[in-house]
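The structure appears below as structure tokens.
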There are 2 protein chains.
Amino acid sequence: MSTDQLSRTFAALADPTRRAMLARLSEGEATVGQLAEPFAMSFAAVSKHLRVLEAAGLVSRGRDAQYRPARLDARPLAAASDWIGDYAKFWADSFESLGSYLDRLQQTNPKSNPAKENDDV
Amino acid sequence: MSTDQLSRTFAALADPTRRAMLARLSEGEATVGQLAEPFAMSFAAVSKHLRVLEAAGLVSRGRDAQYRPARLDARPLAAASDWIGDYAKFWADSFESLGSYLDRLQQTNPKSNPAKENDDV
DNA sequence: TTAGTTCTAAACCGATGAGTTGAATATAGC
DNA sequence: GCTATATTCAACTCATCGGTTTAGAACTAA
């Protein structure tokens, strides 16, 4: 895997343990111990997952006595959502062909050119 | 990485070459040769990337003489978008606290309980 | 200072990922 | 059948990933 921001974000999300950690963090800050609790996994492994999430910018860490509480930072998810959103027209209606979808778009907003929206990676 | 559908989708998206291929496919079917053209990479490597995309359900293949045209299937992206969407409230407005965001949600739609939407992985 | 708790660093291991090269397969056209 | 083109398979390399264990660092509390 290369190492641009979007790749790091998607790579971080590719692991179900990390997705579960993000879900937990969406309820509020948590320590490594609290994050490790649901998993049959060493603290060190959880610590490593946190490093991956941190490198992706999805988590920031603090310090509270011995504890290093982790806090969710969802901003990279906005970029990921934007990227995926460019493809929304392709799943918008599985029974509707892309052609008729574009036709309908043209009707709604005749100025736009919806056929050329996926030039970036 | 484990091997559930969502993990396969995110893992497939974690590679910039594969994202570029999806972008190309959003303009229409393409053969391996056409997909390989922008990259300094062997056909075999492109073929492998296509297998990953196929395993993630993002691409389906056909047959046209010697060619095995690939076609975009964006449906798995809808599931990925849904997952990420659960976190939209956390990036919705970086200057607005989560608390006031939830307050505003309550005002708009007093029946819902937006505080408990992230129980799944 | 000593002991206890929480977390991370380091070294290691097996599995997987992304790429290569070279041979094999599938199809078309002659 | 023979040859050319498009694609995949197989075997290999090298790096990274997810996990472990052991030891050490950061901090608190006696």
Side-chain angles (χ1 to χ4, degrees), chain A residues 1-25 28-72 121, chain B residues 1-22 24-25 28-71 121:
Chain A
M1 179 215 2
S2 116
T3 188
D4 62 289
Q5 180 56 44
L6 206 44
S7 295
R8 271 194 299 266
T9 302
F10 283 130
L13 297 182
D15 187 288
T17 301
R18 286 193 291 263
R19 291 200 304 279
M21 290 181 185
L22 291 178
R24 166 66 185 79
L25 290 174
E29 286 195 355
T31 66
V32 174
Q34 290 169 328
L35 286 170
E37 194 269 328
F39 304 106
M41 197 181 296
S42 67
F43 279 36
V46 171
S47 194
K48 278 190 175 184
H49 280 303
L50 276 176
R51 263 208 334 219
V52 173
L53 291 169
E54 223 181 335
L58 288 162
V59 151
S60 62
R61 313 288 306 270
R63 165 70 77 183
D64 176 13
Q66 306 101 306
Y67 306 90
R68 303 282 325 275
R71 165 182 340 106
L72 176 65
V121 180
Chain B
M1 179 212 4
S2 113
T3 188
D4 61 291
Q5 180 55 46
L6 206 44
S7 295
R8 270 195 299 266
T9 302
F10 282 131
L13 297 181
D15 187 288
T17 301
R18 287 193 290 263
R19 290 201 303 279
M21 290 181 186
L22 292 177
R24 167 65 187 79
L25 290 174
E29 286 194 356
T31 68
V32 174
Q34 289 169 330
L35 287 169
E37 195 270 328
F39 304 106
M41 197 180 297
S42 66
F43 280 34
V46 171
S47 193
K48 278 189 176 184
H49 280 304
L50 276 175
R51 264 210 330 219
V52 174
L53 292 169
E54 223 181 334
L58 288 162
V59 152
S60 61
R61 313 289 306 270
R63 166 69 77 181
D64 175 13
Q66 306 100 305
Y67 307 91
R68 304 280 325 274
R71 164 180 341 106
V121 179

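Worth knowing before you read on, the calculation uses all heavy atoms, side chains too, and leaves out hydrogens, waters and symmetry mates. Keep in mind it's a predicted model, so treat the numbers as computed, not measured. So that the names make sense, note that chain A is the first sequence line, chain B the second, and so on, each numbered from 1.
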Nearest-0.5 Å distance that lies between atom [atom1] in [X] and atom [atom2] in [Y]:
X: B:R68; Y: B:L50; atom1: CZ; atom2: CG; value: 9.5 Å
X: B:T17; Y: B:L35; atom1: OG1; atom2: CG; value: 11.5 Å
X: B:Y67; Y: B:E29; atom1: OH; atom2: CD; value: 13.5 Å
X: B:L13; Y: A:T9; atom1: CG; atom2: OG1; value: 11.5 Å
X: A:R24; Y: A:F39; atom1: CZ; atom2: CZ; value: 10.5 Å

| Which nucleotide sits closest to the side chain of B:S42: D:dG19, C:dT21, C:dA18? | C:dT21
Can you check the [X] [atom1] to [N] [atom2] distance for me, whole Å?
X: A:D15; N: C:dG17; atom1: CG; atom2: P; value: 12 Å
X: A:M41; N: D:dT21; atom1: CE; atom2: C1'; value: 16 Å
X: A:R8; N: C:dG17; atom1: CZ; atom2: P; value: 20 Å
X: B:L13; N: C:dA18; atom1: CG; atom2: P; value: 12 Å
X: B:F10; N: D:dC17; atom1: CZ; atom2: P; value: 18 Å
X: B:M21; N: D:dT7; atom1: CE; atom2: P; value: 12 Å
X: B:Q34; N: D:dT7; atom1: CD; atom2: C1'; value: 13 Å
X: B:F43; N: D:dT5; atom1: CZ; atom2: C1'; value: 10 Å

Heavy-atom closest pair, residues [X] and [Y]:
X: B:A45; Y: B:M41; answer: CB-CG, 3.3 Å
X: B:L25; Y: B:A70; answer: CD2-O, 3.4 Å
X: B:R8; Y: B:T3; answer: NH1-O, 2.6 Å

| message | Closest-nucleotide mapping onto DNA chain D: is B:T31 or B:K48 further toward the 5' terminus? I mean the 5' end. | response | B:T31
| task | Compute whether any side-chain donor of one residue and acceptor of the other, for B:S7 and A:R19, lie under 3.5 angstrom apart. | result | yes
| OP1 or OP2 of C:dG17 under 4.0 Å from side-chain N/O of B:H49 | no
| message | With each end axis built from five pairs of C1' atoms, what bend angle do you get for the helix from C:dT1-D:dA30 to C:dC30-D:dG1? Round to 10°. | response | 20°
| said: So if I take residues 50-68 of chain A and measure heavy-atom distances to DNA chain D, which residues fall below 4.0 Å? | reply: A:R63, A:A65, A:Q66
